[in-house]
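Following: one structure in structure tokens, then a few remarks.
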Amino acid sequence: CLMFNLNKVREDFPILGREVYKKPLVYLDNAATTQKPLMVLDAMRDEYLNVNANVHRGVHYLSQQATDLHEAAREAVRGFINARKIEEIIFTRGTTEAINLVASSFCESQMQAGDEVIVTEMEHHSNIVSWQLQAMKRGIVVKHIPITDDGILCIDQLEQLITPKTKIVSVAHVSNVLGTVNPVEQIIKIAHAHNIPVLVDGAQSAPHFKVDVQAMDCDFFAFSGHKMYGPTGIGVLYGKEEWLEKLPPYQGGGEMIDKVTWEKTTFERLPFKFEAGTPDYVATHGLSKAIEYIDAIGFDAIQQHEQELTRYCMEQLMTIDGMKIYGPMDASKKDAVVSFNVGDIHHLDMGTLLDRLGIAVRTGHHCAQPLMDRLGISGTVRASFALYNTKEEIDTLIAGIRRVSQMF
Ligand code: PMP
């Protein structure tokens, strides 16, 4: 009942055919980064080969062609998340830079010492430390929504956490450790009722299901190209125009200015105000091809397949003695990420031995140490899926875990 041809899709990702330690590669570290289809790689190679020139400033043919590709990518991203305008699409290096941009510019212009940001207990460090840096610089306070033992947000506590000093809420859409899909629409409704804007960290949602920033009504949305079949080094900050207009520039340099004199400098209009320096215009083109690739398969099919992989993986994992899965046990509440430990086996040992069997998983704290503290563990083994993974790969994972378990 698969809605696309999995074998054909896998041919688009030649790396999936390689071997490690003379074993077929089983790549289950997609939450860290996905592999890239030929379509993305070919487009980028072609641009470097045939078009390459700096964007926006050149009068010459190549520069205009490169600019057209770069700005077409912005339009592709706009469509991908259904933003109203291209002015609302800021290219960044990734989710991390997008969150840092908001934390820095928002705190500078909208927050004073003692004002509060609310995050969640399951954030990636990028959505904790960005705010902590502002706490150190400007004395803002970072609060968090707690989670239940099975990794679900205690959303009923949000109202109590909000005070007159709360200026922004910043939450992960999907946890990169637990796979939990957070009720961002509900969070946004609650925050907006208090006139508080919301940033959604979409690093783990944008690759897996359709995001509509207008329907969600978030004020900011951040994601990374490399986690959704696009190149590294490119990401996106979506912001509602009214907010982006209010925020001061993040970095200074070329591209982001209107007029510069020793006395006074004025800034470019959106989105360029936030894009200092030469952008990675080849990566933006690559990202637009990744979006094209996703669109051709369609999120309905991708989500159905990944949901089935998640369900199947959890079901199979639970047949293993000593298995502990973190986060919701209902696969439909999770998205393409399964974190676990087996008995007393250290996650690093499990990951290292699985690697010897050709299976790539992630181990450790997954850049979410406060979450690890909450769960009372030092780390987990994490299997995470992409559209090209197969049930056979999960069978290999399960057989691998059994083999490693027997060694202990
Ligand atoms: N937030 C979440 C939820 C993530 O999973 C990640 C990547 N692991 C990030 C933020 C940071 O993304 P990047 O490293 O691409 O900036």
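Order of appearance sets the numbers: ligands from 1, and atoms from 1 within every ligand.
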### Message
With heavy-atom distances below 4.0 Å as the criterion, list the atoms of ligand 1 near Asn176.
### Response
5 (O)
### Query
Under 4.0 Å from any heavy atom of Ser224, which atoms of ligand 1 are there?
12 (O), 13 (P), 15 (O), 16 (O)
Suppose we measure from [atom] to each protein heavy atom; which comes out shortest, and what is that distance?
| atom | result |
| --- | --- |
| atom 11 (C) of ligand 1 | Thr96 OG1, 3.5 Å |
| atom 1 (N) of ligand 1 | Asp201 OD2, 2.5 Å |
| atom 8 (N) of ligand 1 | Lys227 NZ, 2.7 Å |
| atom 10 (C) of ligand 1 | Ser126 OG, 3.1 Å |
| atom 5 (O) of ligand 1 | Gln204 NE2, 2.7 Å |

### Query
Does a side chain donor of either Glu123 or His144 reach within less than 3.5 Å of an acceptor in the other side chain?
no
#### Entry: Pair Thr396, Glu393: side-chain N/O donor-acceptor within cut-off below 3.5 Å
no
### Task
Ignoring hydrogens, just give me the one of His124, Arg362, His226 whose non-hydrogen atom is nearest atom 9 (C) of ligand 1.
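The residue whose heavy atom sits nearest atom 9 (C) of ligand 1 is His124.
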### Message
Restricting to non-hydrogen atoms, name the atom on Val119 and the atom on Asn127 that form the minimum distance, rounded to 0.1 Å.
### Response
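Heavy atoms only, the tightest pair is CG1-O, 3.5 Å.
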### Side-chain donor/acceptor of Ser224 to backbone N/O of Thr95, under 3.5 Å
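A pair under 3.5 Å: yes.
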### Message
Under a 3.5 Å distance rule, please check whether Thr33 uses its side chain to pair with a backbone N or O of His226 as donor and acceptor.
### Response
yes
### Message
Tell me whether the rings of Tyr293 and Tyr229 are parallel (<30°), tilted (30 to 60°) or perpendicular (>60°).
### Response
tilted
